[in-house]
Every structure is written in structure tokens, then in C-alpha cells.
Amino acid sequence: MTDFQPKSDFLRILKERGFIHQCSDFEGLDALAAKGKVVAYVGYDCTAQSLHIGNYLTMMMLYWLQQSGNKPITLMGGGTTRIGDPSGKDETRAMRTIEEIDSNKAAIKGVFSKVLTFGEGPKNAQMVDNADWLTKLEWIEMLRDVGRHFSVNRMLAMDSVRLRLEREHEMSFIEFNYMIAQSYDYVELARRLGCNLQMGGSDQWGNIIMGVDLGRRMGTHQLYALTTPLLTTASGAKMGKTAQGAVWLNAEQFSPYDFWQYWRNTEDADVGRFLKLFTILPMDEIARLEALQGSEINEAKKALASAATELLHGKAAAEAAAETARKTFEEGGTAASLPSVEIAGSEVEAGFGVLAAFVKAGLVPSNGEARRQVQAGGLRVNDVVVADPAQVLSPADAVHGGAIKLSFGKKKHVLLKLV
RNA sequence: GGGGGAAUGUCCCGAGCGGCAAAGGGGGCGGACUGUAAAUCCGCUGGCUAAGCCUUCGUAGGUUCGAGUCCUACUUCCCCCA
């Protein structure tokens with residue numbers, strides 16, 4: 001890969017921005033891309049109410065694909081999610097109900113239009129759902145047409161299966177079939193939409209390659225595979241995890257402000273890499289930001305946060321988040337746009353315990369945790385450290401335009417609004 | 001089908017002579033230091049109407065003043081034999 005010099009814009013951009021981990025055939029794919037004839041898809045699981053940062057990476061690949069004159073397809077895994085992908089998992093996840101999957105699917109769909117342009121045109125993005133064909137298959141027919149092309153010997157050698165077997169962890173038959181379903185998806189999309197490239201995370205390599213292989217055996221045009229590297233931070237942690245959980249792409253589950261903060265807190269060593277992967281800033285601008293040293297790197301982090309947030313949540317949301325952060329951190333003031341939680345004024349008049357207030361604000365999960373944090377000096381009311389767990393809040397504390405500012409640690413702030 | 005072993009703090013791994021809210025580690029959170037970074041150091045890491053009370057060790061019973069620890073049955077997983 002390192003010595004391959006792509007001629008097409010698509011692969012050139014992906015390569016210089018660090019999206020490429022493995023590809024089944026660089027030359028072949030490059031030739032197609034140069035002619036704008038790539039129709040690529042990425043499959044998305046419907047296991048949660050929102051996609052997360054890992055998915056953002058493949059969405060960016062689809063973005064560059066479309067920008068370079070090719071056609072992107074987003075595949076909703078309405079069918080495959082009913083099976084459950086065993087790749088990279090030690091144990092079977094809880095089975096999801098069909099209602100749950102459908103509800104997740106509905107919640108996820110909207111996010112793609114933030115980055116891709118959908119429509120009927122030949123280069124417009126298209127969304128499909130594999131439930132449309134997978135749920136209609138006939139068992140015997142499926143075995144004869146598709147099943148005969150799969151070697152169980154090879155399937156057993158796949159990482160997703162082998163690792164389970166080696167560790168003597170259970171793998172049920174339904175999961176064993178996941179790769180067949182995914183391979184079949186690829187062939188189906190090749191036939192229906194002329195799809196010729198499947199992209200995904202590096203853990204999907206095996207599944208994708210199986211699809212390429214199935215296509216050859218079933219007589220489709222040549223199919224290609226392209227994967228991105230596993231996302232980790234410079235210090236080795238899995239990306240996308242925060243105190244609250246995953247970094248979701250839906251604003252309802254992870255606010256634009258939190259999203260902005262997530263990128264703002266990037267480790268120094270990751271800034272350049274993330275700018276290339278998660279923003280569409282031009283490469284020379286990234287090179288300039290990357291060259292910053294010492295505390296100047298903070299400028300690069302702000303640029304990263306704003307650019308990434310703008311792409312996903314829009315310019316207004318990104319600017320608001322940046323402004324809130326500036327007031328909060330650089331001026332030490334209180335921005336009215338900090339996340340807020342409402343509380344009945346009457347409740348506070350009667351005297352409201354600090355511990356309960358922090359729980360109410362959602363900053364700590366329990367009274368006990370709040371109590372511990374008081375001991376550790378981690379809680380502040382209106383920027384004053386809470387020293388006494390028995391402290392009581394009153395309406396007089398609502399000094400920020402009818403709100404009390406509660407802080408947990410240095411970075412998490414919530415306004416408790418009296419109503 | 002027969003024999004043996006294992007399930008622990010609902011994030012994970014993992015110790016646990018009958019007195020245990022239960023060792024240790026990872027992870028996480030907070031504090032100090034900084035640049036809203038990393039590294040390092042310190043503290044915390046079941047709930048509550050909190051010097052007390054309540055609920056936890058696969059499930060259900062039992063023995064005992066007292067059970068994660070002993071007994072019985074059941075569930076699940078692993079290993080060996082057939």
C-alpha cells in the first residue's frame with residue numbers, strides 16, 4: 001500500500017488522509033475511481049439508537065467518495081442486525097427484538113444526510129435496507145444458490161469464528177451465519193445497484209472479502225474491498241468512550257456542545273491524524289495546524305472541534321459550542337447556553353440539599369457518589385467548592401439569571417434553572 | 001450417558017481458614033501538576049432519610065448465634081471418559 005501511487009482523486013484523498021488499512025486490489029479500484037465508476041457501500045448495524053464515532057469514519061469515506069464523483073450507498077442492517085455480528089466479540093450480544101431494531105433504524109437514518117447528498121441522480125447517495133431481501137429468502141433455495149459456495153472449512157478459519165473456538169466461547173449457529181448474510185448483501189447490491197466496492201472498519205475485512213469471493217463464484221462483476229484502520233487514541237485507548245458512554249452522532253443523545261468538547265480534549269499526538277480523518281479542512285491548512293507546538297496546539301484542537309462539529313451538526317451549532325466553551329473556560333464565566341436542567345422553584349425554596357441537586361442535574365449517579373466527590377473536592381456551586389455535604393441551596397443561589405451553576409470536575413457544568 | 005471443575009462487588013479480570021461491604025489489578029471518576037493535552041503522583045470506585053441502616057458473591061432451599069465460604073437440588077459453562 002505504501003508504495004502505491006493512486007491516480008484517482010478518491011484513493012489519493014483517502015490515502016493522504018489516512019483512511020486506508022487494507023484493499024483487495026488498489027490498481028483495479030483506482031482505475032474505476034479515476035473514471036468515476038465506483039459504487040460503494042458501507043453497512044450500518046441497528047444495534048443502538050444512534051451511530052457512534054467509529055461509524056463517522058466510514059461516513060467520511062463515503063463523503064470523499066461522493067466528492068470525487070462516485071456513488072455512495074448506505075446500507076441499513078435491518079436484516080443482519082437480527083442475526084448479530086460475531087466479529088470482534090467474545091460473547092453473543094443480547095438478541096434484539098424486531099421492534100427495537102426498527103426503532104433504532106428510524107433514529108439512525110437521519111444522520112447520513114448531514115454528510116451525504118441523497119437523491120435520484122447517478123451520483124447521488126442512496127439508502128437501502130437489507131431487511132428488504134434477507135427476510136424474504138427461502139431456506140432451501142438459499143442453501144442451493146448461495147450456501148454451496150461457502151466452505152465451512154474456510155468459515156471456521158475466519159478470525160471471528162476461530163477466536164471464539166480457540167477461547168472455547170460459545171458461538172451459536174445464527175451468528176455463524178452472519179458472514180453469509182453480509183456476503184450475500186454485497187452480491188445483492190452488485191446486482192441491484194451495480195455496487196462494486198464495500199468499505200468498513202478493519203474488523204470487517206473478513207466479512208467483506210467473503211462477499212468479494214461470493215461475487216466471483218456467483219458471476220457478478222469484479223468486487224472490491226477497502227477497510228479503515230482501527231481507531232485508537234495515541235495512548236492506546238479505544239476511541240469514542242467518555243464518562244457518559246459512547247460518543248453518539250445524534251444530537252439528542254450527545255449534544256453538539258459535548259461533541260465539540262470531545263474533540264477539544266483530543267490528545268496532542270492525535271490532533272493531526274484526527275484533523276485528516278474527521279474534518280474536510282484542506283490538507284495545507286491541516287499541515288499548518290499540525291506544525292503548532294506546545295500550548296499553541298490548543299488552536300489546532302479548537303479548529304478540529306469546530307470543523308468536526310460543523311460537519312455533523314451545522315455551522316450554527318459549532319459556533320455556539322465554541323462560544324460556550326470560550327466563555328466557560330477562557331473567561332471563567334458562565335455561558336447561558338451551558339446544558340441546563342429545570343427544577344421547580346418551590347422545591348428549592350424549601351431548601352434543596354447540594355447532593356440531591358447534583359444528582360438532579362445528572363452530573364453524578366447517586367447521592368453516595370456526590371458525597372464522595374465532595375470529599376475529593378470535585379463539586380462546585382457557582383464556582384465555589386462544596387465543602388459540606390449537608391449544604392443547602394436556596395433561591396438566593398440562583399445568581400446566573402435565575403439559575404444555579406453546578407460543576408463536576410473542571411469540565412462538566414450544568415445550569416440548574418428555577419422555574 | 002458417566003466422572004471432574006467453575007460461576008464473586010451487574011464494566012472486566014480475580015483472591016477469598018464460617019464473622020465480609022468482601023484482598024489485588026485493569027478500567028473509570030475526582031484532586032494536584034499543566035495547555036480544557038499526555039505522562040506522573042494522591043484519593044475514590046454498592047445504596048440510603050448516613051458515626052446508623054439496607055441490599056450484594058449463578059438460582060432455590062437447608063445447617064448455624066452467624067454462610068461468598070458447609071449441605072441439598074436446580075441452571076449455565078468448561079474438561080475428561082463413552
Side-chain angles (χ1 to χ4, degrees), chain A residues 88-94 164-172 232-247 257-275 289-306 308-309 321-335 338-339 347 350-381 383-392 406-414:
Chain A
K89 301 187 187 74
D90 261 0
E91 284 165 26
T92 308
R93 291 274 186 79
R164 286 272 189 98
L165 294 179
E166 276 174 4
R167 295 184 196 179
E168 292 167 344
H169 282 159
E170 177 73 11
M171 168 174 256
S172 72
T232 52
T233 65
S235 42
K238 282 168 292 188
M239 261 197 82
K241 296 290 179 197
T242 69
Q244 289 76 32
V247 175
Y257 173 73
D258 287 333
F259 192 75
W260 194 94
Q261 278 296 321
Y262 177 77
W263 295 111
R264 175 63 246 264
N265 287 306
T266 297
E267 293 179 31
D268 287 7
D270 287 325
V271 175
R273 193 157 56 99
F274 290 175
L275 277 166
L289 292 168
E290 228 179 338
L292 296 173
Q293 294 297 318
S295 60
E296 288 188 329
I297 291 175
N298 285 323
E299 191 199 328
K301 291 184 186 179
K302 286 180 211 166
L304 167 64
S306 290
T309 306
E323 181 57 14
T324 301
R326 196 184 63 76
K327 278 193 182 146
T328 308
F329 290 100
E330 292 177 22
E331 292 180 4
T334 302
L338 278 175
E347 242 182 290
F352 200 54
V354 252
L355 303 181
F358 277 88
V359 174
K360 172 88 180 170
L363 287 167
V364 294
S366 71
N367 244 337
E369 177 62 18
R371 200 177 288 270
R372 269 179 234 117
Q373 288 304 340
V374 169
Q375 282 185 337
L379 301 186
R380 275 166 296 145
V381 172
D383 301 312
V384 177
V385 174
V386 177
D388 176 14
Q391 184 181 332
V392 172
L406 303 180
S407 308
F408 174 43
K410 290 199 176 63
K411 297 179 187 174
K412 280 159 288 200
H413 310 277
V414 167

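Chain naming here is simple, since letters A, B, ... match the order of the sequence lines and numbering starts at 1 in each.
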Open item on the list: Could you work out, with side chain to side chain contact (heavy atoms under 4.5 Å, CB included) as the rule, every residue matching A:S306, not counting sequence neighbours?
Closed with: A:W260, A:A322
Task: Whole-Å P distance, B:G46 and B:A39 - done: 24 Å
TODO: Please identify each residue that fulfils side chain to side chain contact (heavy atoms under 4.5 Å, CB included) with A:A357, with sequence neighbours left out.
DONE: A:F352, A:L393, A:L406, A:L416
Task: Whole-angstrom distance between B:G26 and B:U69, as gauged at atom P - done: 29 Å
Open item on the list: For the P atoms, the ones on B:G52 and on B:A6, what distance do you get once it is rounded to whole angstrom?
Closed with: 37 Å
- [ ] Could you tell me whether B:C74 is syn or anti, where syn means a glycosidic angle within 90 degrees of zero?
- [x] anti
Open item on the list: What's the closest nucleotide to the side chain of A:A325 if the choices are B:A37, B:U36, B:C29?
Closed with: B:U36
- [ ] With the side chain of A:S366 defined as its heavy atoms from C-beta on, choose the nearest nucleotide among B:G30, B:G47, B:A38.
- [x] B:G47
- [ ] Scan nucleotides 49-57 of chain B nucleotide by nucleotide, 5' to 3', and note B when protein non-hydrogen atoms come under 4.0 Å of the base, S if they reach only the sugar-phosphate, - if neither.
- [x] SB-------
Task: Whole-angstrom distance between B:A15 and B:G24, as gauged at atom C1' - done: 7 Å
Return the polar atom pairs (N/O with N/O) between nucleotides 33-35 of chain B and the protein under 3.5 Å, or none.
from	atom 1	to	atom 2	distance (Å)
B:G35	O6	A:D268	OD2	3.3
B:G35	N1	A:D268	OD1	3.3
B:G35	N1	A:D268	OD2	2.6
B:G35	N2	A:D268	OD1	2.6
B:G35	N2	A:K301	NZ	2.9

Open item on the list: Nearest to the side chain of A:R372, heavy atoms from C-beta on, is which of B:G46, B:G30, B:A37?
Closed with: B:G46
Open item on the list: I'd like the C1' distance from B:C80 over to B:U8, given in whole Å.
Closed with: 26 Å
Task: B:C17 - base-pair partner by Watson-Crick or wobble geometry, distances under 3.5 Å - done: none
Please table the atom pairs, donor to acceptor, closer than 3.5 Å between any side-chain atom in residues 290-304 of chain A and protein atoms at least two apart or in another chain.
from	atom 1	to	atom 2	distance (Å)
A:Q293	NE2	A:A291	O	3.4
A:N298	OD1	A:R264	NH2	2.4
A:N298	ND2	A:S295	O	3.3
A:K301	NZ	A:T266	O	2.9
A:K301	NZ	A:D268	OD1	2.7
A:K302	NZ	A:E330	OE2	2.9

- [ ] Can you check whether any acceptor in the base of B:U36 is under 3.5 Å from a donor in the side chain of A:E330, or vice versa?
- [x] no
Open item on the list: Taking side chain to side chain contact (heavy atoms under 4.5 Å, CB included) as the definition, give me every residue that meets it alongside A:R372, ordered by chain and number, with sequence neighbours left out.
Closed with: A:E369
- [ ] Quote, to the nearest angstrom, the C1' distance that separates B:A22 from B:C17.
- [x] 15 Å
